Number of protein chains: 2
Amino acid sequence: MDQNLIDFTTQVVDECLPGKSIDCVIIGFEKQQLKVLLLKWKYEDIWCLPGGFIRKDEDMDQAAQRILEMRTGLKSVYLNQFYTFGSKKRSRLNEEVQLTRMRHVLEEIHGKNEKFVTWITQRFITTGYFALVDIRKTAPHPDMLSDRCEWKSLSNIPGLMMDHKEIILKVMEHLRVQLNYLPIGISLLPQKFTMQDLQKLYEAILKKPLERSNFQRKMLKLGFFIRHEKQLTGAANKAPYLYSFDEMKYNELIEKGIGFRY
Amino acid sequence: MDQNLIDFTTQVVDECLPGKSIDCVIIGFEKQQLKVLLLKWKYEDIWCLPGGFIRKDEDMDQAAQRILEMRTGLKSVYLNQFYTFGSKKRSRLNEEVQLTRMRHVLEEIHGKNEKFVTWITQRFITTGYFALVDIRKTAPHPDMLSDRCEWKSLSNIPGLMMDHKEIILKVMEHLRVQLNYLPIGISLLPQKFTMQDLQKLYEAILKKPLERSNFQRKMLKLGFFIRHEKQLTGAANKAPYLYSFDEMKYNELIEKGIGFRY
DNA sequence: GCAAAAGTGTTCTCTATACACCCATGG
DNA sequence: CCATGGGTGTATAGAGAACACTTTTGC
């Protein structure tokens, strides 16, 4: 296990571009709540976004893809770049507070690969990517520096490293503004879902309630839904229809932007 | 003059972050056409976006600000990051074709500062910024590697270095999608303008004609225009009113996004 | 007077919104 | 029976699109 860490840090220093990183905001939707995938640092109570570095022989987009796959097991999901964070204060881990908080991990590595600690504590410019995934299809997996990898509700984010909180906020703003051009429905929901699921998803992103009956009619009029048999929920009320997307039509419309006002 | 070039290249290598650059798409509007500010390489018939590097002690945003000011003389105009280009093929100048085309410049520098040529021909990741400026207030100024700095019509862009054409296309797409959230009117037009000017601006960005009378009414209803005396154009027709923006109201609405459909 | 562009008006359609109403389900 | 949430209907206000009409200007 120790050898793994040494190999990993050596590889990073030798094969990756210095001073440039990628952070992924991997977003899911479960129990009517938006969630984000986070990693917890070994030994310390501090969390961070799944991130990584760009190999010298790899496109930045490929690197993001690779990082996403390593943390979730997922290939070919919606993944897009949204912003690059370049504040001069952005040095990975080298701020006083950070150093103190991550002392244990860095000390462990320092004993094994001093070069890596120098490499990783320099100033970094990070490019943020966001992915929209179906939580139920993911198999979260921590990286070499973390011991936990979990879905956290957006309304209840733990203490984050550096500016990672800011990065998440930026994504949420991006989601809201670009909503009409993003395949949120098809990416975040399970194959079959109810109109209520979809509405709650929109409400979570827009952070405001929408009128139930109008939402349903507006959505259905878009014409990319397939209606299935009803689902008996066991609740004391009428059972809702299940829907799925006509993927062709859905993607076509999302490309152009569904001209919606909320 | 030679000493300047040596000083410049030495400074860049010593004081800037390696492998990271900034390219600015500086956009203006004149004679009812969108224009972009471009530089022409010394000795060669190849053009490029105004760009530069990030000093080790400077935020990325500050660097973009500095580059913009050096090329246009402008401070505090609308300037925003829009995308980061990280293809592995993105090495500044080191592709065969590029090397051939830029032979003269590189040879000149090579004789004076070999280190710089190595530094600048490595793989670069560049972050694109776009600025919206009033052309009439700019004083274009070439950089150390170029001998011309000019406004070029978007419909007639000369041969560009590397992926700079792609970068410009990406900006235009961004403008279209984000239109309701961008202060295009106040940034690109002179202080006083006619409704036709504004309409032509929107049409240039959206690349489609808009209905004159409806455009006028919709715009005026937004409530951030100040109407001034009429302007006699000398043409054989009714003189149009001049307008300016109520900056407070304009910026407020742009923040939220003017809920427009075109 | 005439052509051309500006400004305003009118009509029709479509959308958004609010809310009423009935339906299905389990207790 | 009732309470709860689902699905559909309807009425009203406002936005968008097309186009008619009038006004102003220089020739």
Side-chain angles (χ1 to χ4, degrees), chain A residues 31-33 176 179-180 185 189-190 192-244 253 256-262, chain B residues 31-33 176 179-180 185 189-190 192-244 253 256-262:
Chain A
K31 300 209 184 104
Q32 311 203 332
Q33 286 203 306
R176 221 165 298 137
L179 191 49
N180 279 326
L189 295 175
K192 291 187 182 180
F193 54 91
T194 67
M195 267 302 149
Q196 191 185 197
D197 294 333
L198 188 61
Q199 185 180 338
K200 293 297 174 186
L201 173 54
Y202 273 87
E203 290 179 339
I205 292 173
L206 294 166
K207 286 201 250 184
K208 72 173 183 187
L210 301 171
E211 212 283 330
R212 182 185 58 88
S213 62
N214 292 331
F215 179 83
Q216 169 139 290
R217 225 163 329 110
K218 268 164 45 171
M219 277 294 163
L220 288 177
K221 188 147 45 157
L222 292 175
F224 48 55
F225 291 94
I226 301 165
R227 182 179 273 186
H228 301 277
E229 77 290 357
K230 293 200 174 198
Q231 173 194 45
L232 290 185
T233 56
N237 51 42
K238 190 173 177 178
Y241 286 112
L242 286 180
Y243 294 92
S244 63
L253 254 171
K256 297 182 199 164
I258 60 181
F260 242 58
R261 203 162 304 163
Y262 303 95
Chain B
K31 301 208 184 100
Q32 310 203 332
Q33 285 203 308
R176 221 165 300 136
L179 191 50
N180 279 326
L189 294 175
K192 291 186 180 179
F193 54 91
T194 66
M195 267 302 149
Q196 190 185 196
D197 294 334
L198 188 62
Q199 185 181 338
K200 294 296 174 188
L201 173 55
Y202 272 86
E203 290 179 340
I205 293 173
L206 294 166
K207 286 201 250 182
K208 72 173 184 187
L210 301 170
E211 212 284 330
R212 185 185 56 86
S213 61
N214 292 331
F215 179 84
Q216 170 139 292
R217 224 162 333 108
K218 268 164 45 170
M219 278 293 163
L220 287 176
K221 188 147 44 158
L222 292 174
F224 49 56
F225 291 94
I226 301 166
R227 182 178 270 186
H228 300 277
E229 76 289 358
K230 294 199 172 200
Q231 172 194 44
L232 289 186
T233 56
N237 51 42
K238 190 172 176 178
Y241 286 111
L242 286 180
Y243 293 92
S244 62
L253 254 171
K256 296 182 201 165
I258 61 183
F260 242 57
R261 203 161 305 160
Y262 302 96

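Given the structure is predicted, the values throughout are model-derived calculations rather than measurements. Each chain gets a letter, A, B and so on, in the order its sequence line appears, and its residues count up from 1.
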Under the criterion side-chain contact (heavy atoms from CB on, under 4.5 Å), I'd like the reasoning laid out for His228(A) against Lys192(A): C-alpha separation, chi angles, the key distance, then a yes or no. CA-CA 8 Å; His228(A) 301 277; Lys192(A) 291 187 182 180; 3.9 Å; yes
How long is the line joining [atom1] of [X] and [atom2] of [N], in whole Å?
X         : N       : atom1 : atom2 : value
Gln231(B) : dT25(D) : CD    : P     : 12 Å
Ile258(B) : dA15(D) : CD1   : P     : 14 Å
Asn180(B) : dG16(D) : CG    : P     : 10 Å
Glu229(B) : dT25(D) : CD    : P     : 13 Å
Glu211(A) : dC21(C) : CD    : C1'   : 13 Å
Asn237(B) : dA4(C)  : CG    : P     : 10 Å

Ranking Lys218(B) and Thr194(A) by the position along DNA chain D of their nearest nucleotide, the one closer to 5' is Thr194(A)
Could you please spell out the steps behind the side-chain contact (heavy atoms from CB on, under 4.5 Å) verdict for Tyr202(A) and Leu210(A)? CA-CA 8 Å; Tyr202(A) 273 87; Leu210(A) 301 171; 3.9 Å; yes
Look at the side chain of Lys221(A) and decide which nucleotide, out of dC19(D), dT15(C), dA16(C), has an atom nearest to it. dT15(C)
List, one per line, each side-chain donor-acceptor pair under 3.5 Å for residues 214-224 of chain A, sequence neighbours excluded.
from      : atom 1 : to        : atom 2 : distance (Å)
Asn214(A) : OD1    : Arg217(A) : NH2    : 3.3
Asn214(A) : ND2    : Glu211(A) : OE1    : 3.3
Lys218(A) : NZ     : Arg261(A) : O      : 3.0

Do you know which two heavy atoms are closest between [X] and [Y], and how far apart they sit?
X         : Y         : value
Lys207(A) : Arg176(A) : CE-NH2, 3.4 Å
Gln231(B) : Thr194(B) : OE1-CG2, 3.6 Å
Leu232(B) : Ala239(B) : CD2-CB, 3.6 Å

When you measure from the side-chain N and O atoms of Gln196(A) to the phosphate of dG6(D), is any distance below 4.0 Å, counting only OP1 and OP2? yes
Within 45 degrees of the ring normal and closer than 6.0 Å to the centroid, is that where the cationic atom of Arg227(A) sits relative to Tyr241(A)? yes
Fit a plane to each ring of Phe225(A) and Phe193(A), take the angle between them on a 0 to 90° scale, and name the class: parallel (under 30°), tilted (30 to 60°) or perpendicular (over 60°). perpendicular
Check DNA chain D against residues 199-209 of chain A and give the residues with a non-hydrogen atom under 4.0 Å, in numerical order. none
Can you give me the N/O atom pairs linking the protein to nucleotides 7-11 of chain D at distances under 3.5 Å, or say none if there are none?
from   : atom 1 : to        : atom 2 : distance (Å)
dG7(D) : OP1    : Tyr241(A) : N      : 2.6
dG7(D) : OP2    : Gln216(A) : OE1    : 3.4
dG7(D) : N7     : Arg212(A) : NH1    : 2.7
dG7(D) : O6     : Arg212(A) : NH2    : 2.9
dG9(D) : O6     : Arg217(A) : NH2    : 3.0

Could you go through Gln32(A) and Gln196(A), starting from their C-alpha distance and side-chain angles, then the distance that decides it, and tell me whether this counts as side-chain contact (heavy atoms from CB on, under 4.5 Å)? CA-CA 9 Å; Gln32(A) 311 203 332; Gln196(A) 191 185 197; 3.9 Å; yes
